[in-house]
Amino acid sequence: MAHPSSLYRAGLTAFALLMAANTASAGETPREQWHRAAAQQYSALAGAAETLEQSTADYCDTPSTDGRATLEDDWLDAYQRWQAVRYVQFGPVEQQSRGWQLQFWPDGKNLVGRKVKTQLNADTPPTLEDVEQAGVALQGFPALEYLLYDDAMDATALKSPNACGFLSAVSTNLVHVTRALEDDWQSFGERFIGTDSYTHTLLQSAIQSVELLEEKRLASPLGLRGKPASIYRAEAWRSGKSVALMRASLEGLQKGLMPGLTALLESRGHPALANKLEKQLKEVAARADTLPDGLAPAIKGEGSGSEPEKKAAFADFQGFYVQLSQLRRLLARDVAAATGLRRGFNSSDGD
């Protein structure tokens, strides 16, 4: 059952984001700007999780085609809200493996699929307590994706008591995790804002998130790093939403990282670099908007389309990869140098 404050919180979240977009940040330090932006993103994530919990309850009470479509839309929206703040890889999200609770990935051994099947074949419907005590492979968005999109889960299967019990338990667990993240990030604010070293911590975290996007989320499934292309190395391959999640990550960087980073670079005498970085990020995001939601159209043997169409799609993704590489270099080299961030060798440096 959804928390009674779901609709109220969702309304407050939308209002807060609207007001924040029109509120000048003059006088705020970069860390104050970053904390405020991430707080808004965590709040949006918690609100979206509560909406997902409600649509899950509605569907399981009265299964319908429209209810299923709403459930899928709300799953994607909440998943994208998580991607938008995924550049924050420190602080409260590290506690109790919350990042893994939200998204167990990479999943090279298909633990999500195997463990969800076990839950679906249990003697009684899984409960919230079962999910809370289970491993992280059963607790987040990929587990819900299996229920909604795996070939084994047809419309009838999703309506079964075990599937609905598990669906409800996972969605409620997501609410608990995201509410805790929202609350703990607020409590973390004084420490984050008042500690100089967190400037470099945030920058390091953001750079790592772009490296992950470039290498693991895009290059690896496309076969751009030695191994043959494989759709099964992609995020959200069952739903075909890999690129939709990448778009959300780029938008999250634009809204969460860039305002504070621009202020930091300008304060240190690097306005041209700030402009160059902002332009590059916009170009990468615009390129992502032209791509399909998933990677299958660019991978041989996956999805529909003729061989020439797949070659054209692959070329489009290659162009996206090149732009992402340029963004990563700007952050990992130029921005790091301008802000005094010392980084160890990273395999994605390439040259």
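Note that the coordinates shown come from a computational prediction; the quantities given were computed from them, not determined experimentally. Starting from 1, each residue takes its place in the sequence as its number.
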Contact summary for [X] and [Y], nearest pair of heavy atoms:
X	Y	value
L222	A298	CD2-CB, 4.1 Å
I299	A229	CG2-CB, 4.0 Å
L147	M153	O-CB, 3.3 Å
P142	V112	O-CG1, 3.7 Å
L158	C164	O-SG, 3.7 Å

Counting the benzene-type ring for Trp, do [X] and [Y] have ring centres under 6.0 Å apart?
X	Y	value
W82	Y79	no
F192	W185	yes
F188	Y42	no

Counting only N and O atoms by type, is there a donor-acceptor contact under 3.5 Å from the side chain of [X] to the main-chain atoms of [Y]?
X	Y	answer
R233	S220	yes
H200	T339	yes
R31	T195	yes
S205	Q89	yes
T178	V175	yes
S267	L264	yes
Q139	A134	yes
K310	E302	yes
R247	A288	yes
S43	Q40	no

Pairing donors with acceptors under 3.5 angstrom, does anything connect the side chains of Y87 and Q41?
yes
For a quick check under 3.5 Å, do E235 and Q103 share a side-chain donor-acceptor pair by atom type?
yes
Going through the checks in order, is the side-chain contact (heavy atoms from CB on, under 4.5 Å) test met by Y232 and N110?
CA-CA 9 Å; Y232 300 112; N110 191 31; over 6 Å; no
Should L257 and L202 be marked as a side-chain contact (heavy atoms from CB on, under 4.5 Å) after you check the CA-CA gap, both sets of side-chain angles, and the distance that decides it?
CA-CA 9 Å; L257 173 69; L202 187 283; 3.6 Å; yes
Would you check if [X] and [Y] make a side-chain contact, meaning some heavy-atom pair closer than 4.5 Å?
X	Y	value
E283	Q280	yes
L261	P30	no
E214	S325	yes
L174	L52	yes
L324	M246	no
W75	L148	yes
L327	L213	no
L167	C60	yes

Should [X] and [Y] be regarded as members of a common hydrophobic cluster, given that ILVMFWY residues are connected when their side-chain heavy atoms come within less than 4.5 Å of each other, either directly or indirectly?
X	Y	result
L331	Y321	yes
I193	L203	yes
L128	V177	no
L330	L341	yes
I231	Y149	yes

Does the salt bridge (Lys or Arg N to Asp or Glu O under 4.0 Å) test come out yes or no for D183 and R179, once each step is laid out?
CA-CA 6 Å; D183 293 342; R179 277 190 201 143; over 6 Å; no
Within the supplied structure, the quantity of interest is the number of heavy atoms (other residues, nucleotides, ligands) at a distance under 6.0 Å from E129 CD; does it exceed 12?
no
Within a reach of under 6.0 Å around CZ of F90, are more than 12 heavy atoms found that belong to other residues, nucleotides or ligands?
yes
Is the closest basic N to carboxylate O distance between K282 and E278 below 4.0 Å?
yes
Quick test of your reading of the model: are R68 and E72 salt-bridged, counting only N-O distances below 4.0 Å?
yes
Using side-chain contact (heavy atoms from CB on, under 4.5 Å), reason through R98 and D184 one step at a time and then give a plain yes or no.
CA-CA 12 Å; R98 285 169 175 162; D184 289 350; 2.9 Å; yes
Looking at CD of E53 and CG of D58, how far apart are the two atoms once the value is rounded to the nearest 0.5 Å?
10.5 Å
So how far is it from T65 OG1 to Y59 OH, rounded to the nearest 0.5 Å?
8.0 Å
Audit row: D130, F166, side-chain contact (heavy atoms from CB on, under 4.5 Å) steps and yes/no
CA-CA 9 Å; D130 292 332; F166 185 57; over 6 Å; no
Mind checking whether W100 and F104 have parallel, tilted or perpendicular rings, split at 30° and 60°?
tilted
With side chain to side chain donor-acceptor pair (under 3.5 Å) as the test, would you mind laying out the steps for S242 and R217 before giving the verdict?
CA-CA 8 Å; S242 306; R217 300 171 65 185; over 6 Å; no
